[in-house]
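Below is one structure; the comments refer to it alone.
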Amino acid sequence: MYTAHPDRYAEMPYRRTGRSGLKLPALSLGLWHNFGPDRPVETQRAILRRAFDLGVTHFDLANNYGPPPGSAESALGEALKADFAPYRDELVISTKAGYLMWPGPYGEWGSRKSLLSSLDQSLSRTGLEYVDIFYSHRPDPDTPLEETMGALHTAVQQGKALYVGVSNYSPEQTREAARILAELGTPLLIHQPRYSMLDRRPETSGLLDALDELEAGSIAYSPLEQGLLTGRYLNGIPEDSRAASDSPFLNSDAVTEELVGKLRALNEIAASRGQSLAQTALAWVLRQGRVTSALVGASSPRQLEDSVAAIGNLDFDADELARIDKVVQG
């Protein structure tokens, strides 16, 4: 029987999410591609247990995570039952709906029918009575935003979610979503954008500025840029890497000689900080306090430990930031 480490809250910093009372760990665990039937169940459970022992109290899901879709939620449900039943009130569990999940016109996007049906399915797979955060995973160009936000509000009113968020919304869409939710009486808690040293769009688009204005939190996904910032690509494309498989999320064409040169230069900066490239990339996302939490994946407890070690140095001096910018901007 798993017993959580008594000092699990000793090291991890927790950051308040916008103006809410909810605090999230600086690093959260995303159950995107490592929690399906092709992965050993004991490895999955070991990752979750190690995460919690290190103070990672937030597990992030979506209805279609796996593969196959739904399997990550089912895997978490089994782990919750086996290991975490005594600790439910110490966990923040989030899920999302919006990408393709089942056939037909109601299996994706942002209609009230799709979102609330998906949430019911997610609760069934995880065995939970509620999730802590329920997201609209992407904006729907064909559904009024009032309907999508109304569905999120209903989830809270029904007691099936404590908070709501959006992901992949533009600054303008985020402001409008927040306005609608405020009128309904359910605040926008958080936005989940893609953000890394190599992908600055939340800065350049004004999204982080919008979230500051709205007093909403943010949690960055892909802070390691699909593995590019882990150090695995410093000598090209490893045979067992995501890029070698020509994944739809990272293909071999993207790993150019120019990019590898940048990764090597960034790795030198990381080494001068006494960190791995991955640790510096995570610290960079968290550096100013504008990002509430950074999402990391893990294929082993050891990989997770390496990521969590980033919290040992989240500060950058002006010279380090300038050097990073010079490398990235070419």
- [ ] Flag the pair Glu183 and Arg179 as a salt bridge only when some basic side-chain nitrogen lies within less than 4.0 angstrom of an acidic carboxylate oxygen.
- [x] yes

Task: Any donor-acceptor N or O pair under 3.5 Å, side chains Asp60, Tyr135 - done: no

Open item on the list: Could you check whether Arg323 pairs with Asp317 (Lys NZ or Arg NE/NH1/NH2 to Asp/Glu carboxylate O, under 4.0 Å)?
Closed with: no

Open item on the list: Less than 3.5 Å apart, any donor N or O on the side chain of Gln173 or Ser170 sitting next to an acceptor on the other?
Closed with: yes

Open item on the list: Take a 6.0 Å sphere around CD of Gln329 and say whether it holds more than 12 heavy atoms from other residues, nucleotides or ligands.
Closed with: yes

Open item on the list: One pair to check against side-chain contact (heavy atoms from CB on, under 4.5 Å): Leu76 and Phe35. What are the steps and the verdict?
Closed with: CA-CA 8 Å; Leu76 180 64; Phe35 289 82; over 6 Å; no

Task: Side chain Asp140, main chain Gly98, donor-acceptor under 3.5 Å - done: no

Open item on the list: When you measure from the side chain of Arg125 to the backbone of Gly77, do you find a donor-acceptor pair of N or O atoms at a distance under 3.5 Å?
Closed with: no

TODO: May I ask you to test the Val164-Met149 pair for a side-chain heavy-atom distance under 4.5 Å?
DONE: no

Open item on the list: Can you confirm whether or not the ring centre of Phe59 sits under 6.0 Å from the ring centre of Phe52?
Closed with: no

TODO: Without swapping roles, check the side chain of Thr17 against the backbone of Leu22 for a donor-acceptor pair under 3.5 Å.
DONE: yes

Open item on the list: Looking at Arg49 and Glu42, is any side-chain nitrogen of the basic one under 4.0 Å from a carboxylate oxygen of the acidic one?
Closed with: yes

Open item on the list: I'd like to know if the side chain of Thr148 and the backbone of Leu145 have a donor-acceptor N/O pair within less than 3.5 Å.
Closed with: no

Open item on the list: Taking the side chain as everything from C-beta on, heavy atoms only, tell me whether Arg200 gets closer than 4.5 Å to Val328.
Closed with: yes

Task: Flag side-chain contact, heavy atom, 4.5 Å: Met12 against Ile311 - done: yes

Open item on the list: Within the 3.5 Å criterion, strictly below it, is a donor on Tyr169 or Ser136 matched to an acceptor on the partner's side chain?
Closed with: yes

Task: From Lys96, His33, Glu73, residue fulfilling side-chain hydrogen bond (donor to acceptor under 3.5 Å, both in side chains) relative to Tyr65 - done: Lys96

TODO: Using the six-membered ring wherever Trp is involved, compare the ring planes of Trp284 and Tyr195 and label them parallel, tilted or perpendicular (cut-offs 30° and 60°).
DONE: tilted

TODO: Please report the shortest heavy-atom distance between Thr186 and His153, naming the atom on each side.
DONE: OG1-ND1, 2.6 Å

Task: Any donor-acceptor N or O pair under 3.5 Å, side chains Ser293, Ser28 - done: yes

- [ ] Ignoring hydrogens and angles, tell me if any N or O in the side chain of Arg273 forms a donor-acceptor pair with the backbone of Asn313 under 3.5 Å.
- [x] yes

Open item on the list: Can a side-chain donor-acceptor contact be found between Arg39 and Asn34 if the only test is distance below 3.5 angstrom?
Closed with: yes

Task: Side-chain ion pair, Lys262 and Glu225, N-O less than 4.0 Å - done: no

Open item on the list: Tell me whether Glu203 contacts the main-chain N or O of Leu208 through its side chain, where contact means a donor paired with an acceptor under 3.5 Å.
Closed with: no

Open item on the list: Tell me whether Ser118 contacts the main-chain N or O of Ser114 through its side chain, where contact means a donor paired with an acceptor under 3.5 Å.
Closed with: no

Open item on the list: So if I apply the side chain to side chain contact (heavy atoms under 4.5 Å, CB included) rule between Ile133 and each of Thr95, Leu189, Ile219, which one comes out positive?
Closed with: Leu189

Open item on the list: Tell me if a side-chain donor or acceptor on Thr154 pairs with a main-chain N or O of Gly150 at a distance below 3.5 Å.
Closed with: yes

TODO: Check for a donor-acceptor pair, side chain of Asp132 on one end and backbone N or O of Ser94 on the other, with a separation under 3.5 Å.
DONE: no

Task: Under-4.0 Å salt bridge between Arg45 and Glu78 - done: no

TODO: Answer yes or no: are there more than 12 heavy-atom neighbours, outside Tyr106 itself, under 6.0 Å from its atom OH?
DONE: no

Open item on the list: Has Tyr163 got a side-chain atom pairing as donor or acceptor with Ile190's backbone, closer than 3.5 angstrom?
Closed with: no

Task: Glu147 and Thr143 side chains, donor-acceptor separation under 3.5 Å - done: no

